[in-house]
Amino acid sequence: MSTTSSTRVVIDLDVPGPTISRHLYGHFAEHLGRCIYGGFYVGEDSDLPQESGIRLDVVEALRALQIPNLRWPGGCFADEYHWQDGIGPKADRPSMINTHWGNVEENNHFGTHEFMALCELLGADPYVNGNVGSGTVQEMSEWVEYLTRDGDSPMVRRRKANGRDEPWKVPFWGIGNEAWGCGGNMRAEAYADLARRYATFCRDHGDNKLYRIAAGAADDDLAWTEALMKAISCLGCGRDPKNIFQAVSFHYYTVAGTWENKGSATDFDLADYYRTIIKAQDIERVIRGHSAVMDAYDPERKVGLVLDEWGTWWDVEPGTNPGFLFQQNAMRDALVASLHFDVFHRHAERLMMANIAQTVNVLQAMLLTDDDGGLVRTPTYHVFEMNKGHHDAVSVPVHVVEQPAPYELDGETMELVSASASVKDGRALISVSNLDPVASLDVVLDLRGAEIREPSGRLLTASKPQAYNTVGEPGAVAPVRLGVEPEPRGLRVTLPPHSFATVSSAL
């Protein structure tokens with residue numbers, strides 16, 4: 001039998017903060033396991049509903065999330081991918097070995113045109129990650145030209161010969177990936193010089209303006225971020241950063257165990273749960289660190305920070321290929337996502353984009369599919385869906401007060417409540433997570449600065465943090481209606497243990 005604690009969350013609805021870019025809800029699709037083949041792409045000979053080989057039930061499910069952008073083709077795969085092998089008639093495309101992920105053959109049937117068709121079906125902006133590790137400046141420059149140039153040029157003629165007359169809009173370009181590791185094992189200063197060079201030859205063609213993203217740090221490697229900022233600015237010089245690349249990235253995974261023994265996605269105890277949430281909450285410290293370094297070189301915050309890989313990483317499911325990174329997705333994963341978004345909202349002035357790893361069948365996926373037509377919306381999917389009202393909304397200050405005492409484990413503390421709020425189009429959206437796995441939470445939403453009308457609530461929870469959805473039981477973790485009661489200070493809701501809720505109201 002659970003106990004009940006209480007908290008008060010003060011929300012200043014009339015104090016506008018930075019806009020929450022919809023791109024903080026971005027996604028990531030790598031040639032890894034069954035993310036592309038068997039996930040997004042089933043081929044034109046499949047009996048499943050598809051359009052030019054793209055699986056339509058996956059598209060429909062993701063369109064409901066209004067996904068803003070999709071990063072492709074990697075990840076580590078990006079730095080061994082040569083885009084010209086993935087265009088033209090499929091029968092003529094050379095194959096390769098995917099040495100990073102499972103050592104399997106890649107037939108290149110899903111290439112540039114297929115990716116752009118997928119983005120058009122999804123209504124998502126393409127985020128193309130170029131090959132710096134094993135590619136050339138010319139190769140990446142020509143890819144930009146092939147995709148985005150109009151008129152006449154060698155790459156335009158080649159694109160038209162492959163069936164596409166009009167150029168595409170491709171705003172986001174990654175200059176390599178994890179250059180400190182799988183992207184080349186480079187030193188920060190060496191990569192920074194390469195990033196300047198590659199970015200210089202990635203041209204704006206016509207009205208397609210590139211947002212060039214330099215491959216940044218692992219976790220809290222602030223020295224890497226500083227090297228990138230030094231490459232385009234100077235400390236205390238009072239000048240704007242050179243407009244060579246427009247953002248720097250970093251990656252942060254929630255790994256509760258060790259890299260050798262990450263733990264199970266579904267078979268875990270309360271200590272594992274606490275360690276996971278503690279690790280996830282540390283993303284705030286990491287973002288603050290990178291932001292502080294960037295502020296020193298770019299006080300006007302003209303250069304964006306991009307977290308283009310994040311999420312939980314567990315041991316693969318028993319019996320699956322270790323190189324395919326297939327893991328289940330439980331209520332615990334949903335709470336990792338919900339608290340990440342609260343942090344993202346607080347740092348929306350600097351943090352411009354985030355991409356969960358990955359969209360289908362890999363790591364902390366939105367969807368799990370099988371070859372027989374089964375499709376499962378994971379608990380994490382529902383957090384994205386419940387939070388989509390925050391897209392391009394104006395953040396407002398949130399103060400969690402009178403909250404339960406933090407939980408302590410091995411000298412580290414875990415806050416039990418997470419919250420954020422925004423305003424858009426005359427409506428407020430409040431997100432609240434009860435991270436306590438054993439106690440319910442009585443929440444007073446102390447709403448200030450605006451009158452609220454017709455509030456409604458939604459709740460995502462489960463019988464236990466280990467609960468997850470399957471083809472046979474797709475609704476084990478799914479949103480339900482949450483009762484919202486008036487209270488002298490605003491509104492009151494009660495959240496069961498390990499739960500996430502949203503409250504929406506007209507203003």
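The structure presented is a predicted model; accordingly, all values stated were derived computationally and were not measured. Numbering starts at 1 and runs along the sequence shown.
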Exercise for the section: Please state whether the rings of Tyr25 and Phe341 are parallel, tilted or perpendicular, taking 30° and 60° as the class boundaries. Expected result: parallel
Handout entry: Side-chain heavy atoms of Arg377 within contact of Met366, under 4.5 Å
Key = no
Problem - Residues, nucleotides or ligands: over 12 heavy atoms within 6.0 Å of Lys302 NZ - result: no
Problem - For Thr112, side-chain hydrogen bond (donor to acceptor under 3.5 Å, both in side chains) partners two or more places apart - result: Trp143
Practice task
State, without any angle test, whether Asn69 and His23 hold a side-chain donor-acceptor pair at a distance under 3.5 Å.
Solution key: yes
Exercise for the section: Decide whether Thr276 and Arg332 meet the rule of one side-chain donor and one side-chain acceptor closer than 3.5 Å. Expected result: yes
Problem - Between Glu114 and Ser52, a side-chain donor and acceptor under 3.5 Å - result: no
Problem - Donor on one side chain, acceptor on other, Arg22 and His391, under 3.5 Å - result: no
Problem - Which residues share a side-chain hydrogen bond (donor to acceptor under 3.5 Å, both in side chains) with Arg164, sequence neighbours left out - result: Glu120
Practice task
Fit a plane to each ring of Tyr41 and Phe110, take the angle between them on a 0 to 90° scale, and name the class: parallel (under 30°), tilted (30 to 60°) or perpendicular (over 60°).
Solution key: perpendicular
Exercise for the section: Please identify each residue that fulfils side-chain hydrogen bond (donor to acceptor under 3.5 Å, both in side chains) with Arg427, with sequence neighbours left out. Expected result: Ser504
Practice task
List for me each residue that meets side chain to side chain contact (heavy atoms under 4.5 Å, CB included) alongside Thr378, sequence neighbours excluded, and say none if there are none.
Solution key: Asn329, Leu368, Thr380, Tyr381
Handout entry: Nearest atoms (heavy-atom pairs only) where Gly39 meets Thr369
Key = CA-OG1, 4.0 Å
Exercise for the section: Using the six-membered ring wherever Trp is involved, compare the ring planes of His31 and Phe77 and label them parallel, tilted or perpendicular (cut-offs 30° and 60°). Expected result: parallel
Problem - Side-chain heavy-atom pair Ile175, Val132 within 4.5 angstrom cut-off - result: yes
Problem - Nearest-0.5 Å distance that lies between atom CD in Gln364 and atom CD1 in Ile356 - result: 4.0 Å
Problem - Polar side chain donor-acceptor pair, Thr502 to Asn387, under 3.5 angstrom - result: no
Practice task
Would you please indicate yes or no on a ring centroid separation below 6.0 angstrom for Trp72 and Phe172?
Solution key: no
Exercise for the section: With sequence neighbours left out, write down each residue that passes disulfide (SG to SG under 2.5 Å) with Cys76, or none if nothing qualifies. Expected result: Cys182
Exercise for the section: May I ask you to check whether Thr225 and His290 show a side-chain donor-acceptor distance below 3.5 Å? Expected result: yes
Practice task
Return yes when atom CG of Asp165 has more than 12 non-hydrogen atoms of other residues, nucleotides or ligands closer than 6.0 Å, and no otherwise.
Solution key: yes
Problem - Donor + acceptor pair across side chains of Ser431, His390 (<3.5 Å) - result: yes
Exercise for the section: For the pair Gln358 and His27, evaluate side-chain hydrogen bond (donor to acceptor under 3.5 Å, both in side chains) and give the outcome as yes or no after the intermediate values. Expected result: CA-CA 7 Å; Gln358 294 183 8; His27 293 257; over 6 Å; no
Handout entry: Residues in side-chain hydrogen bond (donor to acceptor under 3.5 Å, both in side chains) contact with Tyr297, at least two apart in sequence or another chain
Key = Glu226
Problem - Set of ring-ring contact (aromatic ring centres under 6.0 Å, His included) partners for Phe326, sequence neighbours left out - result: none
Practice task
Would you mind telling me which of Asp150, Asp204, Asp207 makes a salt bridge (Lys or Arg N to Asp or Glu O under 4.0 Å) with Lys169?
Solution key: Asp207
Practice task
Find the distance between CG (Asp92) and CD1 (Ile87) and round it off to the nearest 0.5 Å.
Solution key: 11.5 Å
Exercise for the section: Determine the minimum heavy-atom distance between Leu13 and Ala428, stating which atoms define it. Expected result: CD2-CB, 4.0 Å
Exercise for the section: Start with the C-alpha gap between Val170 and Tyr127, add the side-chain angles, then the distance that decides, and say whether side-chain contact (heavy atoms from CB on, under 4.5 Å) holds. Expected result: CA-CA 7 Å; Val170 186; Tyr127 174 5; over 6 Å; no
Problem - Heavy-atom pair with the smallest gap, counting every atom of Ala231 and Ala192 - result: CB-CB, 3.9 Å
Exercise for the section: Find the distance between CG (Asp315) and CD (Gln327) and round it off to the nearest 0.5 Å. Expected result: 9.0 Å
Practice task
Check whether any side-chain heavy atom of Pro479 sits under 4.5 Å from a side-chain heavy atom of Met386, and report yes or no.
Solution key: yes
Handout entry: Under 3.5 Å side-chain donor-acceptor pair for Glu106 and Tyr37
Key = yes
Practice task
Could you verify whether a donor N or O on one side chain and an acceptor N or O on the other, from Gln246 and Arg212, lie under 3.5 Å apart?
Solution key: yes
Problem - Heavy-atom side-chain contact between Arg34 and Phe40 under 4.5 Å - result: no
Problem - Side chain to side chain, Trp313 and Thr254, heavy atoms closer than 4.5 Å - result: no
Practice task
Could you pull out all residues at least two apart from Tyr468 that satisfy ring-ring contact (aromatic ring centres under 6.0 Å, His included)?
Solution key: none
Handout entry: With Ser153, the side chain to side chain donor-acceptor pair (under 3.5 Å) member among Glu142, Arg159, Glu145
Key = Glu145
Exercise for the section: For Arg288, check salt bridge (charged side-chain N to carboxylate O under 4.0 Å, His left out) against everything at least two apart and list the hits. Expected result: Glu284
Exercise for the section: Find the distance between CD1 (Ile54) and CD1 (Ile36) and round it off to the nearest 0.5 Å. Expected result: 10.0 Å
Handout entry: Validation row: Asp85, His82 side chains within 4.5 angstrom (heavy atoms)
Key = yes
Exercise for the section: Please list, chain by chain and in numerical order, all residues satisfying salt bridge (charged side-chain N to carboxylate O under 4.0 Å, His left out) with Arg71, sequence neighbours excluded. Expected result: Asp308, Glu309
Exercise for the section: For Asp45, check salt bridge (charged side-chain N to carboxylate O under 4.0 Å, His left out) against everything at least two apart and list the hits. Expected result: none
Completion exercise
Heavy atoms of Thr359 and Ala29 approach each other most closely as OG1-N, 4.4 Å
Handout entry: Ser95 vs Asn108, side-chain hydrogen bond (donor to acceptor under 3.5 Å, both in side chains): CA-CA, chis, key distance, verdict
Key = CA-CA 6 Å; Ser95 62; Asn108 279 311; over 6 Å; no
Handout entry: Distance-only polar pair, side chains of Trp314 and Asp333, donor-acceptor under 3.5 Å
Key = yes
Problem - Heavy-atom side-chain proximity of Met353 to Leu307 below 4.5 angstrom - result: no
Handout entry: Verdict with reasoning, Asn162 to Arg158, per side-chain contact (heavy atoms from CB on, under 4.5 Å)
Key = CA-CA 6 Å; Asn162 288 326; Arg158 192 169 185 185; 4.2 Å; yes
Exercise for the section: Check whether any side-chain heavy atom of Trp168 sits under 4.5 Å from a side-chain heavy atom of Pro126, and report yes or no. Expected result: no
Handout entry: Phe384 and Trp310 aromatic ring geometry - parallel, tilted or perpendicular at 30°/60° bounds
Key = parallel
Completion exercise
Applying salt bridge (charged side-chain N to carboxylate O under 4.0 Å, His left out) to Asp342 and not counting sequence neighbours gives none
Exercise for the section: Give a yes-or-no answer on whether the side chains of Asn131 and Tyr198 include a donor-acceptor pair shorter than 3.5 Å. Expected result: no
